[in-house]
Amino acid sequence: MAPHILAPTPAGLYCPAGDFHIDPTRAVPRALITHGHSDHARAGHGAVLATRETLAIMALRYGEAFCAERQVAAYGERIRVGGVDVAFHPAGHVLGSAQICVADARQRIVVSGDYKRQRDPTCPAFEPISCDVFITEATFALPVFRHPDTSHEVEKLLSSCRIFPDRAHLLGAYSLGKAQRMMALIREAGWDRPIYIHGAMEKITDYYASEGVDFGEIVKVSASDRARLAGEIVLCPPSAIQDVWSRKFPDPVAAFASGWMRVRARARQRGVELPLIVSDHADWDDLCATILETRCGEVWVTHGEADALAHWASTIGLPARPLHLVGYGDEEEAGVEAPSA
Amino acid sequence: MNRFAELLDRIAFEPGRNGKLRLLADYFRHTDDPDRGWALAAMTGALVFRHAKPGVIRALIAERTDPVLFAMSYDYVGDLSETVALLWPHSSAAIGHNAPPPPTLSEVVEILHETPKAALPQALAALLDQLDETGRWALLKLITGALRIGVSARLAKTALASLGDDIAPNAIEEIWPGLEPPYLDLFAWVEGRADRPRILDPAPFRAAMLAHAIEETNFAALDPRDFAAEWKWDGIRVQAVVGRDVDGRRVARLYSRTGEDISPAFPDLIESICAGSFGEAAIDGELLIVREGRVESFGTLQQRLNRKKVDAKLVAEFPAHVRAYDLLSEDGEDLRPLTFAQRRRKLERFIQSRAPDRFDLSPIVPFDTWDQLAAYRRDPASAGALDEAGAIEGLMLKRLDSIYVPGRPTGPWWKWKRDPFTVDAVLMYAQRGHGKRSSFYSDYTFGVWREGAEGEELVPVGKAYFGFTDAELKQLDKWVRDHTTNRFGPVREVEANRKTGLVLEVAFEGVQRSARHKSGVAMRFPRVSRIRWDKPARDADRLEAVEALVGERK
Ligand SMILES: [Zn+2]
Ligand SMILES: [Zn+2]
């Protein structure tokens, strides 16, 4: 069998025919970036090819000089890179997130990046792309992870605000993507009071708004405000909930929006009082369904719970290969929160 | 059921009492009858489901999931009910707009009550098909008897009282024993739609008055002249009640401290209060076994309690006896509003003139100073307890002016227990805890040294799962993880030998002989009193030291 057009290397997935890496974990001459989360999008590459939104987010996080040369990939556009064609397709993960399809005459491989299938009012929906090899993430690849309807989770938050009008509701959410999605969902549920945000989220949220996402009134929390925010919703990076920053709020309720909140012990370990199961990653059912939809002949798993997904693939006769790529965290855990975000 | 499950889920994460109260009140306010009544029953322990063994649940999930994926999931989640709740496949019947609404709590209760044992797995599967993840979790917890809600019955009743105008929680306690789920009359009264439900039970339980443990620092503020002292007997707290029903027939009951009717287990006592002069009265006292005028140890009482079948032989061998602390009602008069001193006079007269042989008076221990009382506590025999000192757990201090109120008020009554025994033991196994502790190894089996066939060996003598702080729990958990030698499901075996091992100082109330334990002894109420990071495992105590304490009581 001919070698594949993509291969795992210590720096990440590499395409010899096009001489580029996808989401490299160290600086490389040419990088294709799926989305702006810091473990996938790093500074210091030579040339970067990504969606317009991802490039803008990287510039916000790392400064305009984050790479030597940048090129915009529009969704669906076919771009020749060396001996292969590449195309970016929506991944539904965060604003600008893409799957990357790499093809030559013999073979088509789709790298999913991080993705989800649940509705997200802040970014275009995932599109399944048929391919020979589907390289998928597997953050929530255990059958216990099935994300409930987001409206149900948001309702938990709003009903808690009704029962505890004298307590501030601090909602921990990752600064890029999750926070903006939560704000949009809270608005959809009819919350018409201002939504307060931690300073660390301001830049990214402003960027989303400039891209046409309507959040209603957003107020950055100032130090003096905190004691007066009883009954309000305040979004902050997950790590801020346990921070001294949170202590000034009136009897705060610690909420956290993450797929990990599905498992009670995980929520307890973090001291969460109001777990909201909202994830920007595909859950188990969606991972399995997506793999089938791509009609791939082979599935590779980049990071996450690769073993369970590989076992499932084997039960339906689909060859599966865990790549165990290192360097990809999972932004739903506060531990890997980029300090600059 | 989904709604109730969400309440339970939310409450389990809410650390504050006040927060829990408001969540409960909100649920009661926004949930219809009879669902909220069944919820109240579940939270007060008045709702007893037919229990399903974990094996039934494992079998159900095995029919529906891949065994490898189940094993990976269970290992990750660490809790059977939660794993099954999350893994349970979405049934086609529950999806889509034409799906029937999920079952209410009342429907679940009805189905589980009416399903014969053989059909239980099927009925359970049908319910699980219709509930969401949280609903399934709560149902599985309920039916395996593993529901730890983090809500006391008292808290649930307090929340209910807050729905009404000026209804004290104690007003609910008063009528509680006469009420039945789903408590329609109770909710109607609290919401001002009906009169207070009438207590129809002629021999009702009266919620017991309990005491806080006294601390050294409390004494400075207390005047010995305000208090009476009596022994705290080591039996089980009971209430013996006789009343007359509408037909004039005598109704006699024996209740446990929590209001459980335990009359069937004590026909000898019931017979004695039915006959003769007892009349209509309610006595609060301690159930003990008395042979030849002498109180036997708690271990002897336990032999009677453990026996399922109560026959003439058992009754003759272990004669039950009540040592009276208090008189709560007499000839239809409620004595609880009287002071302790007034009730005590009435009790003394009652025991002297009207009580059967099986009743006697818990004596008052006269004292002038706290130091004098402290000496009696150390050595009850010196204060006249003589050969019954072994059945004494400590002292009770009761304010002479205290009226009898249900619950555990701070101030009027104190308990002053004797110091526990301690032993230095070696940690042998650790098991993952439940609820908040499910990610921690928090249940510890410990052992002491004895001479074995191949030299010194450790033999397990007990299990403890409290007594340490949260910070110590983290340290213990880490030690367990770093020193694991073997795993059996949720249990880890840890390094425990002459060279390496963790010594725990274990406090306990007493030791009994036990054929069921490998060591031949069983501890009462063991808990970790100190972690001896400093002590080498080989210097831990030996089995002989524990055996020497058999029969001794603290
Ligand atoms: Zn991501
Ligand atoms: Zn990722």
Side-chain angles (χ1 to χ4, degrees), chain A residues 138 140-149 152-153 155-157 159-167 169 251-256 259-277 283-285 287-289 304-316, chain B residues 2-3 6-16 18-27 29-30 61 64-79 81-90 132-134 137 141 150 432-440 470 474 477:
Chain A
F140 289 109
L142 269 181
V144 291
F145 290 109
R146 283 135 111 203
H147 310 324
D149 210 12
H152 181 260
E153 300 305 293
E155 184 46 39
K156 280 192 210 165
L157 175 66
S159 88
S160 181
C161 291
R162 276 192 293 275
I163 298 173
F164 298 108
D166 50 343
R167 303 175 71 183
H169 285 66
D251 193 11
V253 176
F256 186 21
W260 297 115
M261 297 297 101
R262 178 89 271 178
V263 174
R264 288 172 178 79
R266 293 279 304 239
R268 287 214 178 86
Q269 267 166 5
R270 303 206 45 143
V272 175
E273 291 159 38
L274 183 58
L276 305 183
I277 309 157
D283 67 5
W284 172 260
D285 292 343
L287 285 168
C288 297
E305 295 283 336
D307 294 344
L309 202 58
H311 172 80
W312 168 81
S314 77
T315 62
I316 57 164
Chain B
N2 286 338
R3 172 96 180 77
E6 267 182 28
L7 171 74
L8 295 182
D9 200 24
R10 177 71 207 271
I11 282 182
F13 281 106
E14 170 59 51
N18 199 23
K20 288 180 204 239
L21 271 177
R22 279 158 72 183
L23 291 167
L24 287 165
D26 182 75
Y27 173 84
R29 202 170 283 128
H30 295 115
I61 197 70
R64 287 164 176 80
T65 50
D66 177 284
V68 174
L69 293 177
F70 172 76
M72 286 177 173
S73 298
Y74 187 25
D75 191 55
Y76 183 87
V77 175
D79 176 284
S81 296
E82 187 174 346
T83 308
V84 173
L86 297 177
L87 267 184
W88 194 265
H90 291 291
D132 66 14
E133 276 88 353
T134 308
W137 166 79
K141 287 284 177 191
R432 262 195 258 189
H434 298 273
K436 266 190 194 306
R437 292 173 160 190
S438 58
S439 68
F440 290 100
D470 285 355
K474 281 194 188 137
D477 179 71

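Here is how names work: the chains are called A, B, and so on, in the same order as the sequence lines, proteins then strands, and each is numbered from 1. Side chains included, hydrogens not; waters and symmetry mates left out as well; all remaining heavy atoms used. This one's a predicted model, so the numbers in the text were calculated from it and none came from an experiment.
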Asks: Show me the donor-acceptor pairs, under 3.5 Å and distance only, between side chains in residues 66-78 of chain B and residues at least two apart or in other chains.
Replies:
residue, atom, partner, partner atom, Å
B/D66, OD1, A/H311, NE2, 2.8
B/D66, OD1, B/V68, N, 2.8
B/D66, OD1, B/L69, N, 3.0
B/D66, OD2, A/H311, NE2, 3.1
B/S73, OG, B/L69, O, 2.8
B/Y76, OH, A/R266, NH1, 2.4

Asks: Given that the side chain runs from C-beta out, which part of B/W137 has a heavy atom under 4.5 Å from chain A: side chain, backbone, both or neither?
Replies: side chain
Asks: What's the separation between atom CZ in A/R167 and atom CG in B/N18, rounded to the nearest 0.5 Å?
Replies: 8.5 Å
Asks: Is the number of heavy atoms from other residues, nucleotides or ligands within 6.0 Å of CG (B/D470) greater than 12?
Replies: no
Asks: Please identify each residue that fulfils ring pair (Phe, Tyr, Trp, His ring centres under 6.0 Å) with A/H169, with sequence neighbours left out.
Replies: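 None.
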Asks: Could you go step by step and tell me if B/H90 and A/D285 meet the side-chain contact (heavy atoms from CB on, under 4.5 Å) rule?
Replies: CA-CA 10 Å; B/H90 291 291; A/D285 292 343; 3.9 Å; yes
Asks: What pair of heavy atoms forms the shortest contact from B/R22 to A/P165, and how long is it?
Replies: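 That closest heavy-atom pairing would be NH2-CD, 3.7 Å.
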Asks: Does any backbone or side-chain atom of A/P148 lie under 4.5 Å from a heavy atom of chain B? Answer side chain, backbone, both or neither.
Replies: neither
Asks: How far does CZ of A/R146 sit from CH2 of B/W88, to the nearest 0.5 angstrom?
Replies: 11.0 Å
Asks: Under 4.0 Å between a Lys/Arg side-chain N and an Asp/Glu carboxylate O for B/D9 and A/K156?
Replies: no
Asks: Considering all heavy atoms of both residues, which atom of B/F13 and which atom of A/V272 are nearest to each other, and what is their separation?
Replies: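 Shortest heavy-atom separation between B/F13 and A/V272 comes out as CD2-O, 3.3 Å.
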Asks: Is there side-chain contact between B/E6 and A/E155, with heavy atoms separated by less than 4.5 Å?
Replies: no
Asks: For A/D251, is it the side chain, the backbone, both, or neither that has a heavy atom closer than 4.5 Å to a heavy atom of chain B?
Replies: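 A/D251 has no heavy atom closer than 4.5 Å to chain B.
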Asks: With chain B, which of A/V253, A/T315, A/L142 has the greatest number of heavy-atom pairs at distances under 4.5 Å?
Replies: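 Of the candidates given, the most pairs with chain B belong to A/L142.
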Asks: Please give me the minimum heavy-atom distance between B/E82 and A/R264, naming the atom from each residue.
Replies: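 What the structure gives for the nearest pair is OE2-N, 2.8 Å.
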Asks: Should B/H30 and A/I163 count as side-chain neighbours, where that means a heavy-atom distance under 4.5 Å?
Replies: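 Counting from C-beta outward, B/H30 and A/I163 never come under 4.5 Å.
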Asks: Within the 4.5 Å heavy-atom criterion, are B/D26 and A/R162 side-chain neighbours or not?
Replies: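 Of all side-chain heavy-atom pairs linking A/R162 with B/D26, none is under 4.5 Å.
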Asks: If I measure from the heavy atoms of chain B, does A/A267 come under 4.5 Å with its side chain, its backbone, both, or neither?
Replies: both
Asks: Please flag which part of B/T65 lies under 4.5 Å from any non-hydrogen atom of chain A: side chain, backbone, both or neither.
Replies: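 When you check distances to chain A, no heavy atom of B/T65 falls under 4.5 Å.
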Asks: Of all the heavy-atom pairs spanning B/R10 and A/E273, show the shortest one and how long it is.
Replies: NE-O, 3.7 Å
